[in-house]
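Reviewing the structure listed below.
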Number of protein chains: 2
Amino acid sequence: MFSIGALAKRTGTKVQTIRYYEQIGLMPEAGRTAGGQRRYAASDLDRLSFIRHARQLGFGLEAIRELLDLADRPGQSCSDADSIARRQLKQVAERIARLQALQTELERMISECAGGLVADCRVLEVLRDHSECLTNHEEIGG
Amino acid sequence: MFSIGALAKRTGTKVQTIRYYEQIGLMPEAGRTAGGQRRYAASDLDRLSFIRHARQLGFGLEAIRELLDLADRPGQSCSDADSIARRQLKQVAERIARLQALQTELERMISECAGGLVADCRVLEVLRDHSECLTNHEEIGG
DNA sequence: CACAAATCTACATATACTGTAGCTTTAACA
DNA sequence: TGTTAAAGCTACAGTATATGTAGATTTGTG
C-alpha cells in the first residue's frame, strides 16, 4: 500500500492527474486511510502504468477506456484491441509525416532568416505566402 | 469583400474558430454589413492563412501572436521571430522522435496480436508491462 | 509531541477549439 | 418584389486533458 505521491512518482504522473483519472472513472476509487488519504496497491500501479504508456503512445482517454474494458474481460477476442491499435498507428504515421514537412519548413525559414529586418524575414513570409506552402491544409488531428 | 463562410472555406477553418480568433484578438475585428454580418478583405485572408499555417507547423497561439506582432512592426530585427522558430523546431524534432518510438511499438503490438484471446494479446501486455517499454517516461509535450 | 511534508476537497484556469439554441440577414430565384 | 433556404448572428455550454491554488487536515519522523 502506498500513497498517491508515491504512485505519482513511480508512474511519472502528477498527483492531480491521478485524482482526475479517478474522477472520470479511468482509475477505480482508491481505498482510504482512517484520515481519508488514498492508498494504492500494486494493481493500481499496473493500471496507471498501462494508462500512462497508452497516453504516451498517443491513445486518447476514450481509446484507453476501451482497452481497459477489454483487459477487464479476458478470454474475449482481442480483435477490438487490435483495431484500436491500428487506428492509432494510422494517426501516428500521419502526424509524423506532417511534422516532418513542418520540420523542413522551419529549417528553411531559419536558414533564410539571417538576422535581417522583419520586412525581409522569410520566417514570416513562408507562413504568410500560400504559394510556398509545403504542408497540406487539413486540420491538426484532435 | 467576402463572408465569414467564404473565408472559412478558403482557409480550411471552422466559422466558429474564426470568431474565436477575433474574440481572443488574434484576428482584428471585422468590418460589418448594415445587417451586422462580418465582411473580410484580402488582408484578412492573408492573416488567417498565416495563423493556420503556423498552427499546422505546431506553433501555439501565443507564439503566433508574437510573430504577428513582429510582422505588424516591419523594419525591426527578425531575431525574435528566428528564436521563436528555433524553439518550435526543437519541439518538433522531439515530437517526431517520440512519435517514431511510438510507431515502432504500435507496429510490434499489432504484429504480435494475431487474433488471439485478450489474455494472450500483446496489445494489452505491451502497454501493461513496464519492462517491455521502449519509450521514455516523460510527459507528452503540452 | 511537535512540526514539516504530504494530502485532502473544491474550485479556477489553461489551451484551443466545437456545438447548440434561437433569432436575423442575405442572396438567389420565381 | 416576395419568398425562402442557407448562412450568419450572439451567447453560452461543453470537450479533452489536464494544471494550479487556497485553505484545512493528516501523516510520518525526529
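Side chains included, hydrogens not; waters and symmetry mates left out as well; all remaining heavy atoms used. Chain naming here is simple, since letters A, B, ... match the order of the sequence lines and numbering starts at 1 in each.
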Just how far, in rounded Å, is P of D/dG8 from CZ of B/Arg39? 8 Å
A/Gln100 backbone acceptor or donor facing A/Thr104 side chain under 3.5 Å: yes
To the nearest Å, give me how far apart CE (B/Met1) and P (C/dA27) are. 13 Å
From CG of B/Leu7 over to C1' of D/dA7, roughly how many Å is that when rounded to an integer? 14 Å
Below 3.5 Å between N/O atoms, which protein atoms pair up with nucleotides 20-26 of chain D? Just atom names and distances, please.
unit_1	atom_1	unit_2	atom_2	d
D/dG20	N7	A/Gln16	NE2	3.4

Interatomic distance, B/Ile18 CD1 vs C/dT18 P [rounded to whole Å]: 11 Å
Under 4.0 Å: is that the gap between some side-chain N or O of B/Ser3 and OP1 or OP2 of C/dT26? no
Using the six-membered ring of B/Tyr40, assess whether NZ or CZ of B/Arg10 lies under 6.0 Å from its centre and within 45 degrees of the ring axis. no
Between side-chain atoms of residues 16-25 of chain B and protein atoms elsewhere (two or more places apart, or another chain), which donor-acceptor pairs fall under 3.5 Å?
unit_1	atom_1	unit_2	atom_2	d
B/Tyr21	OH	B/Arg52	NH1	2.7
B/Glu22	OE1	B/Arg38	NE	3.0

If you assign each of A/Thr17 and B/Ile4 to its closest nucleotide in DNA chain D, which residue comes earlier from the 5' end? B/Ile4
note: B/Gln23, atom CD; D/dC12, atom P; distance rounded to Å ~ 11 Å
Hey, are the side chains of A/Ile51 and A/Leu68 touching, using non-hydrogen atoms and a 4.5 Å cut-off? yes
Between B/Tyr20 and A/Arg38, which is nearer to the 5' end of DNA chain C once each is assigned its nearest nucleotide? A/Arg38
Side-chain N or O of B/Arg52 versus OP1/OP2 of C/dC17: is the shortest distance under 4.0 Å? yes
With B/Ala93 via side chain to side chain contact (heavy atoms under 4.5 Å, CB included) - residues at least two apart: A/Gln103
When you measure from the side chain of B/Val15, which nucleotide among D/dA18, C/dC8, D/dG8 comes out closest? D/dG8
Whole Å only: how far is the CZ atom of B/Arg32 from the P atom of C/dT24? 16 Å
So A/Ile24, base contact, sugar-phosphate only, or nothing? Heavy-atom distance under 4.0 Å. nothing
Rounded off to whole Å, could you give me the CG-to-P distance for the B/Leu26 and C/dT15 pair? 13 Å
Which atoms form the tightest heavy-atom contact between A/Ser49 and A/Thr11, and what is the distance? OG-CG2, 4.0 Å
Atom-to-atom span, CZ of A/Arg55 to P of D/dT19 - whole angstrom: 10 Å
Does a nitrogen or oxygen in the side chain of A/Tyr21 sit under 4.0 Å from OP1 or OP2 of D/dT17? no
B/Glu62: which residues meet the salt bridge (charged side-chain N to carboxylate O under 4.0 Å, His left out) condition with it, sequence neighbours left out? B/Arg65
